[in-house]
Amino acid sequence: MKYAVMSTWNHTNPIDWDNVKPPVDPTPEGTTVQWFAIDEHNHGSFVTYPSQEVYKDFKAKLEEWQKEQVVTLDIEKTMEAVSPIHVAVEN
């Protein structure tokens, strides 16, 4: 069972989507990240982790990065949903 985290952010400056990099390098093996834009000043991400344990181990690094971004980029988290998820991969 994978673990999913979806979050959205409001920010003053638009995001340069062509140069978006993973927030913490390296991200855990087996992690997937999908960025999305709601509009010019709101964006989000949908991240899957291989397990809840992997997410919990990585969470402290991610939260430290987020604290820096809130100050340097003038952004605010507007929503976060964290849950186990069953992912079926079909061809």
Side-chain angles (χ1 to χ4, degrees):
M1 174 97 39
K2 295 205 179 237
Y3 209 68
V5 179
M6 177 184 269
S7 57
T8 58
W9 297 81
N10 178 278
H11 46 89
T12 304
N13 300 309
I15 299 295
D16 179 2
W17 291 104
D18 293 332
N19 293 310
V20 170
K21 296 177 183 163
V24 180
D25 192 27
T27 54
E29 186 175 335
T31 300
T32 64
V33 179
Q34 178 62 56
W35 298 95
F36 58 90
I38 299 166
D39 60 33
E40 187 177 31
H41 296 286
N42 293 278
H43 77 281
S45 63
F46 180 76
V47 182
T48 61
Y49 295 90
S51 67
Q52 183 176 6
E53 293 76 22
V54 170
Y55 168 69
K56 285 184 176 183
D57 289 345
F58 186 65
K59 186 177 178 181
K61 291 179 187 176
L62 185 60
E63 287 176 341
E64 188 62 34
W65 177 82
Q66 289 174 347
K67 284 180 192 176
E68 294 171 11
Q69 300 308 303
V70 166
V71 173
T72 60
L73 297 178
D74 191 25
I75 62 176
E76 172 188 14
K77 187 184 293 186
T78 55
M79 187 276 301
E80 182 172 74
V82 180
S83 176
I85 186 171
H86 177 74
V87 178
V89 179
E90 298 178 15
N91 291 331

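For the numbers below, each heavy atom of this structure counts, side chains included, while hydrogens, waters and symmetry mates do not.
Taking both residues in full, the closest heavy atoms of His11 and Ile75 are given as CB-CG2, 3.1 Å, listed atom of the first, atom of the second, then distance. Across every non-hydrogen atom of Phe36 and Ser7, the tightest pair is CZ-O, 4.2 Å.
With sequence neighbours left out, the side-chain hydrogen bond (donor to acceptor under 3.5 Å, both in side chains) criterion links Asn10 to Asn42. Partners of Glu29 by salt bridge (Lys or Arg N to Asp or Glu O under 4.0 Å), not counting sequence neighbours: none found. With sequence neighbours left out, the side-chain hydrogen bond (donor to acceptor under 3.5 Å, both in side chains) criterion links Thr8 to Thr78.
The distance from the CD atom of Gln52 to the CE atom of Met1 is 10.5 Å, given to the nearest 0.5 Å. Note that OG1 of Thr48 is 10.5 Å distant from CD of Gln34, once rounded to the nearest 0.5 Å. If you take CE on Met6 and CD on Glu80, they are separated by 11.5 Å, rounding to the nearest 0.5 Å.
Ring pair Trp9/His43 is parallel by interplanar angle, where below 30° counts as parallel and above 60° as perpendicular.
At least one side-chain heavy atom of Val82 sits under 4.5 Å from a side-chain heavy atom of Tyr3. You'll find the side chain of Phe46 reaches within 4.5 Å of the side chain of Ile85, heavy atoms only.
Around NZ of Lys56, the count of heavy atoms belonging to other residues, nucleotides or ligands within 6.0 Å does not exceed 12.
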